[in-house]
Each structure stands twice: as structure tokens, then as C-alpha cells.
Amino acid sequence: MSTWSNRLTELGISLPAVAAPVAAYVPAVRTGNLVYTSGQLPMVDGNLAATGKVGGEVTPEQAKALARVCALNALAAVHDLAGIDAVTRIVKVVGFVASAPGFTGQPGVVNGASELFGEIFGDAGAHARSAVGVSELPLDAPVEVELIAEIR
């Protein structure tokens with residue numbers, strides 16, 4: 001039987017350790033058959049991978065790659081709480097993009113997360129989504145992603 005764990009291996013993707021919260025919250029919460037993650041920053045080995053505004057110091061292409069990192073961190077939080085193989089679908093993704101004045105490419109940036117979920121989960125990765133431009137994010141992060149996953 002194929003599992004999401006096997007799919008990650010096939011893709012050469014390793015889930016990172018769960019990123020430590022930077023304030024008073026937990027990385028993920030389960031209620032019923034849903035797991036809600038807190039907003040995940042592009043943390044790599046405990047450090048923010050980049051800072052700045054998208055369309056300014058950070059290119060849209062860099063931000064898209066950072067959104068993918070955020071999505072992996074969100075999946076790590078789901079895995080830590082319920083196990084990746086318990087996921088039955090990705091329900092909703094919300095991406096926040098710290099945007100320089102005039103930058104309107106938020107959907108393309110958040111595609112970094114959405115495309116990852118499609119690669120891993122196929123049709124079960126198709127989700128509702130919001131891509132929101134904001135003036136600032138915690139720690140001057142360029143992007144933040146949260147998700148809601150349905151689990152068994």
C-alpha cells in the first residue's frame with residue numbers, strides 16, 4: 001500500500017523538525033478530524049532563511065521557494081501531531097506575503113506551497129486558498145503559510 005511517507009521518499013523530500021514557536025502558541029492543534037497549523041515561517045535548521053519584502057529585497061522566485069519551505073514546516077507540524085500518513089486531504093492554505101509597495105504577485109508566491117501539496121498528495125492536495133499581501137511579518141519574514149489538513 002502506498003503511503004504519503006513513501007511518496008515523500010519517492011520525491012526525495014524529508015520533513016524538517018518542527019519549528020519552535022516564536023511566541024505563546026503551539027505549532028498545530030487537532031480538533032475532530034482536522035489539524036490546524038499555526039503560521040509557519042521559512043525556518044531552516046532553526047534560522048529564518050531570508051528576510052525582507054517580496055518585490056523589494058526578495059524576488060518573487062525566491063519567495064515562492066520560501067513558501068515551499070513554510071509548507072514543509074507546516075507538514076512537519078501535522079506529522080508531529082497526527083502522522084503524515086493520517087492525512088486524507090489538504091483542506092485550506094493561507095499564505096501571507098510581506099509585500100513591497102506595488103507588489104501584487106502574492107498568488108504566484110503562495111503557489112510554492114500549493115504546488116508542493118499537489119506533488120505530495122495529488123488530488124488530495126487540491127485545496128481552498130487565500131494569498132494575502134501584508135506590510136510586515138514576524139521577524140521580517142517574507143512569507144508565512146498555515147494550513148488545515150483533514151486526517152483519519
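Numbering of residues begins at 1 and proceeds along the displayed sequence.
- Side-chain contact, Thr88 with Glu150: a donor N or O sits under 3.5 Å from an acceptor N or O.
- Going from atom OG1 of Thr3 over to atom CG of Asp85 covers 4.0 Å, rounded to the nearest 0.5 Å.
- Between the side chain of Gln62 and the backbone N or O of Val58 there is no donor-acceptor pair closer than 3.5 Å.
- Residues Ala141 and Pro42 share a closest heavy-atom pair of CB-CD, 4.2 Å.
- Linking ILVMFWY residues whenever their side-chain heavy atoms come closer than 4.5 Å, directly or via other members, leaves Leu137 and Phe103 in distinct clusters.
- Note that CZ of Arg152 is 11.5 Å distant from CG of Asn33, once rounded to the nearest 0.5 Å.
- Looking only at distances, no side-chain donor or acceptor of His79 sits under 3.5 Å from a matching main-chain atom of Ala77.
- Shortest non-hydrogen contact noted between Asn73 and Leu41 is ND2-O, 2.9 Å.
- Heavy-atom minimum distance, Ala71 versus Leu116: CB-CD2, 3.7 Å.
- For the residue pair Ala19 and Gln40, the shortest heavy atom distance occurs at CB-OE1, 4.0 Å.
- Shown here for Val78 and Val35, the closest heavy-atom pair between the two residues is CG2-CG1, 3.9 Å.
- In this structure a side-chain-to-backbone donor-acceptor pair under 3.5 Å is present from Thr9 to Ser5.
- Note: the hydrophobic cluster containing Trp4 does not contain Val18 (ILVMFWY, side chain heavy atoms under 4.5 Å, direct or indirect links).
- Counting heavy atoms from C-beta outward, Glu146 and Tyr36 have side chains that stay 4.5 Å or more apart.
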Salt bridge (Lys or Arg N to Asp or Glu O under 4.0 Å), that's the test. Do Glu61 and Lys64 meet it? Break it down for me.
CA-CA 5 Å; Glu61 295 77 19; Lys64 182 178 178 181; over 6 Å; no
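- Remark: side-chain polar atoms of Glu115 are not paired, donor with acceptor, to backbone N or O of Ala113 under 3.5 angstrom.
- Val143 and Val69 fall into different hydrophobic clusters, where Ile, Leu, Val, Met, Phe, Trp and Tyr side chains are chained together by heavy-atom contacts under 4.5 Å.
- Taking the side chain as every heavy atom from C-beta outward, Ser99 and Lys53 never approach each other to under 4.5 Å.
- Taking CD of Glu57 as the reference point, atom OG1 of Thr59 lies at 11.5 Å (rounded to 0.5 Å).
- No donor-acceptor pair closer than 3.5 Å links the side chain of Ser38 to the backbone N or O of Ala28.
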Report the C-alpha separation of Leu11 and Glu119 in whole Å, then their side-chain angles, then the decisive distance to 0.1 Å, and conclude whether the side-chain contact (heavy atoms from CB on, under 4.5 Å) test is met.
CA-CA 8 Å; Leu11 293 169; Glu119 289 172 36; 4.2 Å; yes
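- Residues Pro16 and Met43 are not in side-chain contact: their nearest non-hydrogen atoms beyond the backbone lie 4.5 Å or more apart.
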Given side-chain hydrogen bond (donor to acceptor under 3.5 Å, both in side chains), test Arg129 with Asn111 step by step and report yes or no.
CA-CA 10 Å; Arg129 187 180 93 175; Asn111 277 349; 2.8 Å; yes
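- Side-chain atoms of Leu15 and Leu72, non-hydrogen and from C-beta on, do get closer than 4.5 Å to each other.
- In this structure, Ile148 CD1 and Thr31 OG1 are separated by 11.0 Å, a value rounded to the nearest 0.5 Å.
- When all heavy atoms are compared, the tightest approach of Ala67 to Val145 is O-CG2, 4.1 Å.
- Thr37 OG1 to Leu147 CG: the interatomic distance, rounded to the nearest 0.5 Å, is 4.0 Å.
- The closest donor-acceptor contact from the side chain of Arg30 to the backbone of Gly32 lies under 3.5 Å.
- To the nearest 0.5 angstrom, Leu66 atom CG is 8.0 Å from Leu48 atom CG.
- Using a 4.5 Å heavy-atom threshold, the side chains of Arg89 and Val91 count as touching.
- In terms of hydrophobic clustering, with Ile, Leu, Val, Met, Phe, Trp and Tyr side chains grouped at heavy-atom distances under 4.5 Å, Phe121 and Val110 are assigned to a common cluster.
- Tracing side-chain contacts under 4.5 Å through hydrophobic residues (I, L, V, M, F, W, Y), one reaches Ile90 starting from Leu81; they form part of the same cluster.
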